Novice: 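Below you will find the structure I want to go over with you.
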Number of protein chains: 2
Amino acid sequence: MVSSKDVAKHAGVSQTTVSRVLNTPNLVKKPTVDKVMAAIEELHYIPNAHARSLVQNKTNTIALLSGPLHNPFFVDTTAAIVNYANSKGYRVHVQFVNDEKLNEAYTSVVENKVDGVVMSCILLDDPIFEKFEKMDIPFITYNRKHINNKHFVEIDNFQAGILSARHMLELGHKQIAWIGGPSTVSTFKNRYDGFVEGMNTQDLASQYVIQTNTSKQAVKEAFEKLMQLPTPPTAICAATDAIALQTIDEATKAGYRVPADISVVGIDNVDLSKHGSIELTTVGSISEQNLGFLAINELIEMIENKKNSCVKITESVKVFNRKTTKAYQ
Amino acid sequence: MVSSKDVAKHAGVSQTTVSRVLNTPNLVKKPTVDKVMAAIEELHYIPNAHARSLVQNKTNTIALLSGPLHNPFFVDTTAAIVNYANSKGYRVHVQFVNDEKLNEAYTSVVENKVDGVVMSCILLDDPIFEKFEKMDIPFITYNRKHINNKHFVEIDNFQAGILSARHMLELGHKQIAWIGGPSTVSTFKNRYDGFVEGMNTQDLASQYVIQTNTSKQAVKEAFEKLMQLPTPPTAICAATDAIALQTIDEATKAGYRVPADISVVGIDNVDLSKHGSIELTTVGSISEQNLGFLAINELIEMIENKKNSCVKITESVKVFNRKTTKAYQ
DNA sequence: TGCAAAAATGAATACGTAACCATTTTGAAA
DNA sequence: TTTCAAAATGGTTACGTATTCATTTTTGCA
């Protein structure tokens with residue numbers, strides 16, 4: 001492999017000068033720059049990023065610890081994060097992490113001395129949070145947050161839960177179900193709390209509330225359980241668009257029509273929800289930019305300006321009224 | 001930052017021994033191992049991957065140059081590639097590349113001395129191919145290929161085009177349109193050639209054939225152009241599921257019903273096509289595993305076993321008959 | 001023309017690890 | 001015990017770059 005020493009020899013200068021040509025060319029005489037650049041071209045020299053990282057203690061690399069891509073929310077955010085980071089000159093280590101594997105992800109992050117971490121997959125009181133905090137590397141969470149988080153970007157999950165419930169109530173539904181996820185996750189906890197707040201007490205029944213692990217299988221079972229009830233729900237509030245879409249998939253395949261037989265509303269307003277074949281009614285951020293984009297923006301700001309102040313962004317939400325809910329009759 | 005020298009000092013051994021404890025512990029006496037491990041624990045030492053890469057000339061990193069995630073095909077393949085690579089101990093640099101930015105991607109790959117490259121975004125006769133080839137790093141393409149490719153994984157695109165055309169013919173359609181992409185891309189070229197092969201000459205009319213750049217806007221315009229024809233098509237064969245889904249989205253929003261008013265078939269059989277609200281009829285691989293998975297498997301094989309023989313995998317295809325096509329009447 | 005200041009260049013070193021080679025310690029056979 | 005091979009450990013170096021400090025060359029001005 002061709003190194004800066006090879007270039008130096010070829011151009012008849014020192015390795016130091018080669019380095020200067022690439023980093024501080026204004027300190028080098030024009031003819032020397034030309035000589036060196038010619039050698040670089042000729043030898044197809046490209047600097048070794050690892051050697052540079054070693055001496056500069058800066059890698060131009062960001063770690064993205066995302067949720068799984070079968071959740072369309074993470075499709076949107078991953079695309080936004082990777083593209084923005086790349087446009088700013090950062091490479092992105094992507095991992096699709098489940099809660100158990102967070103420790104491996106942590107090791108990988110430290111080993112590779114990334115300049116920053118943007119992550120979603122963390123529990124409200126995950127003990128690993130402290131390790132990330134102590135790393136002394138800028139990091140930010142999006143969507144989910146930890147109780148002690150100083151840097152996060154989220155939507156107003158509590159309000160989203162309220163709007164979800166109210167939407168169904170306003171449509172005249174009485175049997176309104178909730179399919180959510182574990183309350184160890186900030187998103188699910190706050191959205192559910194909002195849902196409870198938004199419901200009328202007489203309409204809120206425990207048999208209509210199901211906490212799943214958000215897997216395809218679990219959502220399927222949740223839906224079946226609900227529909228086997230003596231008086232099955234006429235409306236389902238899903239904690240996320242991913243759950244809503246799973247639910248609609250199951251419902252459709254079980255012969256129900258959405259929204260004729262059952263109304264479904266999600267939360268997140270993922271891109272896919274706008275598709276003409278889906279037209280998912282959902283609650284989502286008022287802002288055009290997705291949470292991943294906001295998070296990577298803040299993270300790069302933190303990295304480059306070394307600012308250490310808290311970043312706590314909570315986006316306002318509204319209902320996007322599309323075609324998976326209708327009035328109860 | 002805590003280095004192996006710090007650990008060595010703390011444990012009262014040499015740095016060499018610390019390195020051995022981590023890499024070849026069987027060469028170290030048990031009590032010494034324990035002493036060193038204790039020091040590692042105590043200091044929270046994690047080796048610096050860049051320093052290791054520098055001396056070993058191996059980074060345990062793979063570069064993924066994928067197409068954009070708004071194409072569901074790349075959602076499936078990205079998930080498969082990242083997850084499998086991680087499970088094998090490789091980190092993955094992800095980039096969503098368009099054809100113009102391939103040069104930047106190349107530089108990034110060389111700078112970072114990745115162990116291998118898995119990519120989709122290449123043109124049939126892209127001159128950059130030679131540079132990748134000369135890199136002397138294992139690399140493999142999936143989906144698309146270059147004319148000189150020695151390592152690729154694809155579906156039988158020609159046969160897919162044939163099956164797509166035949167499917168519509170068998171349903172009795174006469175006005176059958178093609179919405180594809182630029183023929184500078186192997187996938188589009190071969191699928192279109194297959195489509196032509198599968199059609200009856202009297203049913204193949206040039207006004208029904210449109211090459212787009214596969215952008216949302218371009219597909220929209222293509223669909224509108226087709227439907228403004230004196231005798232608009234009753235069936236559309238889309239070169240990819242992404243185009244098919246875009247087409248259906250446009251059609252739905254323009255007031256057409258699919259398949260009642262117009263039949264649409266895709267190619268790729270992406271996961272999303274199975275969704276109950278979509279049920280896209282499509283042509284796809286007989287095998288369960290997606291192309292990304294096959295590619296990353298082969299790539300890691302190439303990296304670890306240094307095998308250099310050609311890998312040219314072309315998966316057989318079949319029609320997945322779902323609900324976006326129906327008989328012409 | 002001479003001289004100081006500025007500009008340009010080079011030599012040596014550090015970053016943190018693995019690997020190579022040298023040295024010491026151990027243990028088993030004679 | 002003595003001997004010697006095997007096991008265990010340590011000292012030194014290389015990887016490729018940026019940086020620090022030293023040296024040489026050039027420039028501007030008296």
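By convention in this document, chain letters (A, B, ...) are assigned in the order of the sequence lines, proteins followed by strands, and residues within each chain are numbered from 1. Not measured: the values here are computed from a predicted model.
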Novice: Taking atom P of D:dT9 as reference, at what distance in whole Å does atom NZ of B:K30 sit?
Specialist: 13 Å

Novice: Please figure out whether B:K29 or A:L22 has its closest DNA chain D nucleotide nearer the 5' end.
Specialist: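 The answer here is B:K29.
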
Novice: Whole angstroms only, please: what is the NZ-P distance between A:K35 and C:dA8?
Specialist: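 These atoms are roughly 14 Å apart.
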
Novice: Could you tell me whether the side chain of B:Q15 has a donor or acceptor atom within less than 3.5 Å of a complementary atom in the base of C:dA18?
Specialist: yes

Novice: Rounding to an integer number of Å, can you tell me how far B:K58 NZ sits from D:dC15 C1'?
Specialist: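 For the pair B:K58 NZ and D:dC15 C1', the rounded distance is 17 Å.
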
Novice: B:D115 and side-chain contact (heavy atoms from CB on, under 4.5 Å): which single residue from B:N60, B:T61, B:I137 fits?
Specialist: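 So the option named by the test is B:N60.
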
Novice: May I ask you to say what B:V13 touches in the nucleic acid, namely base, sugar-phosphate or nothing, with a heavy-atom cut-off under 4.0 Å?
Specialist: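 Sugar-phosphate contact only - B:V13 comes under 4.0 Å of backbone atoms but never of a base.
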
Novice: Consider the side chain of B:L54, meaning its heavy atoms from C-beta on, and name the nucleotide among C:dT9, C:dC20, C:dG16 that approaches it most closely.
Specialist: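 Closest nucleotide to the B:L54 side chain: C:dG16.
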
Novice: Distance check needed: C:dT26 P versus B:L27 CG, whole Å only.
Specialist: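 After rounding, the reported distance stands at 17 Å.
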
Novice: If I take atom NZ in residue A:K113 and atom P in nucleotide C:dT17, what distance separates them, rounded to the nearest angstrom?
Specialist: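 Answer to the nearest Å: 8 Å.
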
Novice: Can you measure A:Q56 atom CD to C:dT13 atom P for me and round it to whole angstrom units?
Specialist: 21 Å

Novice: Please tell me if B:T17 has a side-chain N or O lying less than 4.0 Å from either OP1 or OP2 of D:dT9.
Specialist: no

Novice: Rounded to whole Å, please give me the gap between CZ in A:R20 and C1' in D:dT20.
Specialist: 10 Å

Novice: Select base, sugar-phosphate, or nothing to describe what B:S19 touches, counting heavy atoms under 4.0 Å on all strands.
Specialist: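 Answer is base: heavy atoms of B:S19 come under 4.0 Å of a base.
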
Novice: Round to a whole Å and report the spacing from CG of B:N23 to P of C:dG16.
Specialist: 17 Å

Novice: Residues of residues 38-53 of chain B with any non-hydrogen atom less than 4.0 angstrom from an atom of DNA chain D: list those, numerically ordered, please.
Specialist: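 Within residues 38-53 of chain B, no residue comes under 4.0 Å of DNA chain D.
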
Novice: Please state whether the phosphate of C:dG16, meaning OP1 or OP2, lies under 4.0 angstrom from any side-chain nitrogen or oxygen of B:S4.
Specialist: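 No.
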
Novice: So what does A:N57 touch, heavy atoms closer than 4.0 Å: a base, only the sugar-phosphate, or nothing?
Specialist: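 No contact.
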
Novice: Using 4.0 Å as the upper bound for N to carboxylate O, is an ion pair formed by B:E111 and A:R91?
Specialist: yes

Novice: Can a donor-acceptor pair be found, under 3.5 Å and without considering hydrogens, that links the side chain of B:S120 to the backbone of B:G67?
Specialist: no

Novice: Going from OG1 on B:T77 to CG on B:D268, what distance comes out if it is rounded to the nearest 0.5 angstrom?
Specialist: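 It is 9.5 Å, given to the nearest 0.5 Å.
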
Novice: Select base, sugar-phosphate, or nothing to describe what B:S3 touches, counting heavy atoms under 4.0 Å on all strands.
Specialist: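 Sugar-phosphate, no base atom in range.
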
Novice: Look at the aromatic rings of A:F293 and A:Y84 and report parallel, tilted or perpendicular, splitting at 30° and 60°.
Specialist: perpendicular

Novice: May I have the step-by-step check of salt bridge (charged side-chain N to carboxylate O under 4.0 Å, His left out) for B:K150 and B:E133, ending in yes or no?
Specialist: CA-CA 9 Å; B:K150 296 199 176 54; B:E133 188 86 350; 3.3 Å; yes

Novice: Between A:Y142 and A:F74, how do the two ring planes meet: parallel, tilted or perpendicular, split at 30° and 60°?
Specialist: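 The arrangement is perpendicular - the two ring planes meet at more than 60°.
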
Novice: Which part of the nucleic acid, if any, lies within contact of B:T16, taking any heavy atom under 4.0 Å across all strands shown: a base, the sugar-phosphate backbone alone, or nothing?
Specialist: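 Base, at least one base heavy atom under 4.0 Å.
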
Novice: Applying the ring pair (Phe, Tyr, Trp, His ring centres under 6.0 Å) criterion to A:Y106, which one of A:F129, A:F139, A:F132 satisfies it?
Specialist: A:F132

Novice: Pick the nucleotide of DNA chain C nearest each of B:V55 and A:V33; which residue has the one closer to the 5' end?
Specialist: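 It is A:V33 whose nearest nucleotide is closer to the 5' end.
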
